[in-house]
Amino acid sequence: MTDTLTLCCLLWAVPGQEEAMTAYEDEVLALLPEHGAEVVSRAVGDGADGAPHEVQLYRFPGRAALDAYLADPRRLAQAQTRDRVVARTELFPVALR
């Protein structure tokens with residue numbers, strides 16, 4: 001059995017902050033490889049009709065790697081930016097088929 005953790009993240013931008021949210025995500029997702037993780041897929045939409053502005057899939061080698069990424073001081077230093085540009089986030093485990 002593998003400890004690999006695959007997650008789906010749905011993100012909604014604060015109205016008018018769509019480009020800023022994408023820029024924020026560019027920065028924090030760049031930290032993933034240092035934690036042994038990878039972006040499997042990243043799709044950006046227009047958020048029309050309540051749809052998320054971004055849908056991301058990423059894979060971590062295990063829960064410890066995810067915890068290390070979430071606690072990364074460089075990511076935490078961006079909390080104010082995140083609060084300003086991200087209206088809502090849904091994160092949940094998935095299985096790729």
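These numbers were taken from a predicted model, which means no experiment stands behind them.
Val85 and Leu76 end up in different hydrophobic clusters when Ile, Leu, Val, Met, Phe, Trp and Tyr side chains are linked at under 4.5 Å. Placement of Leu57 and Leu7 in two distinct hydrophobic clusters is found when ILVMFWY residues are connected by side-chain heavy-atom separations under 4.5 Å, directly or transitively. One hydrophobic cluster, built from ILVMFWY side chains closer than 4.5 Å, cannot hold both Phe92 and Leu5; they sit in different ones. A single hydrophobic cluster is not seen to contain both Leu10 and Leu29; linkage of ILVMFWY side chains at heavy-atom distances under 4.5 Å, directly or through other members, places them apart. Leu32 and Val40 end up in different hydrophobic clusters when Ile, Leu, Val, Met, Phe, Trp and Tyr side chains are linked at under 4.5 Å.
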Exercise. Where do Asp26 and Arg42 land on the side chain to side chain contact (heavy atoms under 4.5 Å, CB included) test, with the steps shown first?
Worked result: CA-CA 10 Å; Asp26 289 345; Arg42 182 177 178 198; 2.6 Å; yes
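When Met21, Arg88, Glu90 are each tested for a side chain to side chain contact (heavy atoms under 4.5 Å, CB included) with Leu11, only one passes: Met21.
The closest side-chain heavy-atom distance from Val44 to Glu54 is below 4.5 Å. Counting heavy atoms from C-beta outward, Glu25 and His53 have side chains that stay 4.5 Å or more apart. Inter-residue side-chain proximity for Arg82 and Thr89 is flagged as met; some heavy-atom pair is nearer than 4.5 Å.
The line from CZ of Phe60 to CG of Leu66 is 5.0 Å long, rounded to the nearest 0.5 Å. Annotation: the span from Arg75 atom CZ to Tyr24 atom OH amounts to 5.0 Å, rounded to 0.5 Å.
The stretch residues 11-21 participates, sequence neighbours left out, in these side-chain hydrogen bond (donor to acceptor under 3.5 Å, both in side chains) pairs: Gln17-Arg84.
Annotation for His35 and Asp72: closest pair NE2-OD2, 2.8 Å, computed over non-hydrogen atoms. Nearest heavy-atom pair across Cys8 and Val94 is CB-CG1, 3.7 Å. Pairing each heavy atom of Pro61 with each of Gly36, the nearest pair is CD-O, 3.2 Å. Minimum interatomic distance between Tyr58 and Val39 (heavy atoms only, all atoms of both residues): CB-CA, 4.1 Å.
Scanning for side chain to side chain contact (heavy atoms under 4.5 Å, CB included) contacts around Asp83 gives an empty result, with sequence neighbours left out. For Glu38, the side chain to side chain donor-acceptor pair (under 3.5 Å) criterion is met by Arg59, not counting sequence neighbours.
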